K.L.:
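Dumping the structure here so I can ask a few things about it.
Note that the structure is a prediction, hence the values are computed from the model and not measured. Counting begins at 1 with the first residue of the sequence.
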Amino acid sequence: MKTTRHTKILEIISKYEVETQEELAARLEQEGYPVTQATVSRDIRQLKLTKVSLKNGRQKYAALTEPQKDLSKYIRVFRDGFRSMDMAQNILVIKTVSGMAMAVAAALDAMECHEIVGSIAGDDTIMCAIRTVEDTASLMKRLGKIVDNT
């Protein structure tokens, strides 16, 4: 739900000149996302939204565009070491080529998978603690796409 709400927030602020949290909450409500002011505030912080000045003197929320870091080498390490993955509730277990677990875990860290709370790597196995079961399924899907795009 949070991921879809975040996507909707980014869509709303790109379409409209949203100046306040209350206005954003109202637009989310119109789109079928009932939220509290605290949730909106947290979402703004997590999405790293900022206010930018408009020509008319007003302000609006905008997404900060951070320079993209080159993830290609980390993706390559992940693909080269990856063998399989499976989940048990909010635990993601990734099997790797023997001796590659630490390198693959480091690549995951560099790829900034926000769903991962922490991970432990052995010789050929990584165990990742994920925030929620939904996040685990979402992360598996995303990592599967990385592996499949060889």
K.L.:
Could you go through residues 80-95 and list every donor-acceptor pair under 3.5 Å that involves a side-chain atom there, pairing it with any protein atom two or more places apart or in another chain?
P.N.:
from	atom 1	to	atom 2	distance (Å)
Asn90	ND2	Ile130	O	2.9
Lys95	NZ	Thr125	OG1	3.0

K.L.:
Whether Lys51 engages the ring of Tyr61 as a cation-pi pair (distance to the six-membered ring centre under 6.0 angstrom, angle to the ring normal within 45°) should be assessed.
P.N.:
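So Lys51 does make the cation-pi contact.
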K.L.:
Kindly write out the residues that satisfy side-chain hydrogen bond (donor to acceptor under 3.5 Å, both in side chains) with Gln46, not counting sequence neighbours, or none if the list is empty.
P.N.:
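Gln46 satisfies side-chain hydrogen bond (donor to acceptor under 3.5 Å, both in side chains) with His6 once adjacent residues are dropped.
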K.L.:
Rounded to the nearest 0.5 Å, how far apart are CE of Met127 and CD1 of Ile120?
P.N.:
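Reported to 0.5 Å precision, the distance equals 4.5 Å.
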K.L.:
Hey, what do you get for CD (Glu19) to CD1 (Ile13), rounding to the nearest 0.5 Å?
P.N.:
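CD1 of Ile13 is found 13.5 Å from CD of Glu19.
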K.L.:
Kindly determine whether Glu23 and Thr20 satisfy side-chain contact (heavy atoms from CB on, under 4.5 Å), including the steps that lead there.
P.N.:
CA-CA 5 Å; Glu23 188 180 344; Thr20 65; 3.3 Å; yes
K.L.:
Any link between Leu71 and Ile116 through a network of hydrophobic side chains (Ile, Leu, Val, Met, Phe, Trp, Tyr) touching at under 4.5 Å?
P.N.:
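Yes, Leu71 connects to Ile116 through the hydrophobic network.
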K.L.:
Closest heavy-atom contact between Asp109 and Ser119?
P.N.:
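So the minimum-distance heavy-atom pair works out to OD1-OG, 4.3 Å.
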K.L.:
Working to the nearest 0.5 Å, report the span between CG of Leu143 and CZ of Arg79.
P.N.:
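That separation rounds to 11.5 Å.
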K.L.:
Provide the closest heavy-atom pair for Ala101 versus Ile126 in the form atom of the first, atom of the second, distance.
P.N.:
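Looking at all heavy atoms of both residues, the closest pair is O-CD1, 3.4 Å.
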K.L.:
Give, for atom CD1 of Ile12 and atom CG of Leu24, the distance between the pair rounded to the nearest 0.5 Å.
P.N.:
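Rounded to the nearest 0.5 Å, the CD1-CG separation comes to 6.0 Å.
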K.L.:
Please answer: with hydrophobic residues joined when any side-chain heavy atoms are less than 4.5 Å apart, are Leu10 and Tyr16 in the same cluster?
P.N.:
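Shared cluster, yes.
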K.L.:
What pair of heavy atoms forms the shortest contact from Ala107 to Tyr74, and how long is it?
P.N.:
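Between these two residues, the closest heavy atoms are CB-O, 3.5 Å.
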K.L.:
Give a yes or no on whether Leu54 atom CG has more than 12 heavy-atom contacts from other residues, nucleotides or ligands under 6.0 Å away.
P.N.:
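For Leu54, atom CG is crowded (more than 12 foreign heavy atoms under 6.0 Å).
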K.L.:
Determine, step by step, whether Gln59 and Val52 satisfy the side-chain contact (heavy atoms from CB on, under 4.5 Å) criterion, reporting the C-alpha distance in whole Å, the side-chain angles of both residues, the deciding distance to 0.1 Å, and the verdict.
P.N.:
CA-CA 5 Å; Gln59 293 184 325; Val52 295; over 6 Å; no
K.L.:
What closest approach, in Å, do Ala25 and Val40 show between heavy atoms, and which atom pair accounts for it?
P.N.:
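Nearest heavy atoms, Ala25 then Val40: CB-CG2, 3.8 Å.
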K.L.:
Keeping to residues at least two apart or across chains, list the salt bridge (charged side-chain N to carboxylate O under 4.0 Å, His left out) pairs with something in residues 29-45.
P.N.:
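Counting only pairs at least two positions apart or across chains, the salt bridge (charged side-chain N to carboxylate O under 4.0 Å, His left out) contacts touching residues 29-45 are Arg5-Asp43, Lys8-Glu31.
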K.L.:
Given side-chain contact (heavy atoms from CB on, under 4.5 Å), test Leu108 with Cys128 step by step and report yes or no.
P.N.:
CA-CA 10 Å; Leu108 280 172; Cys128 302; 4.2 Å; yes
K.L.:
Excluding sequence neighbours, so at least two apart, what forms side-chain hydrogen bond (donor to acceptor under 3.5 Å, both in side chains) with Thr39?
P.N.:
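side-chain hydrogen bond (donor to acceptor under 3.5 Å, both in side chains) list for Thr39, sorted by chain: Thr36.
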K.L.:
Using salt bridge (Lys or Arg N to Asp or Glu O under 4.0 Å) as the criterion, list what pairs up with Lys15, not counting sequence neighbours.
P.N.:
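So Lys15 forms a salt bridge (Lys or Arg N to Asp or Glu O under 4.0 Å) with Glu11.
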K.L.:
Would you say the side-chain atoms of Thr7 pair up with the backbone N or O of Thr3, donor to acceptor, closer than 3.5 Å?
P.N.:
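Yes.
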K.L.:
Is there side-chain contact between Thr132 and Lys2, with at least one heavy-atom pair below 4.5 Å?
P.N.:
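Thr132 does not reach Lys2 side chain to side chain.
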K.L.:
What pairs of residues pass the salt bridge (charged side-chain N to carboxylate O under 4.0 Å, His left out) test when at least one of them lies in residues 116-142, not counting sequence neighbours?
P.N.:
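The answer is Glu115-Arg142.
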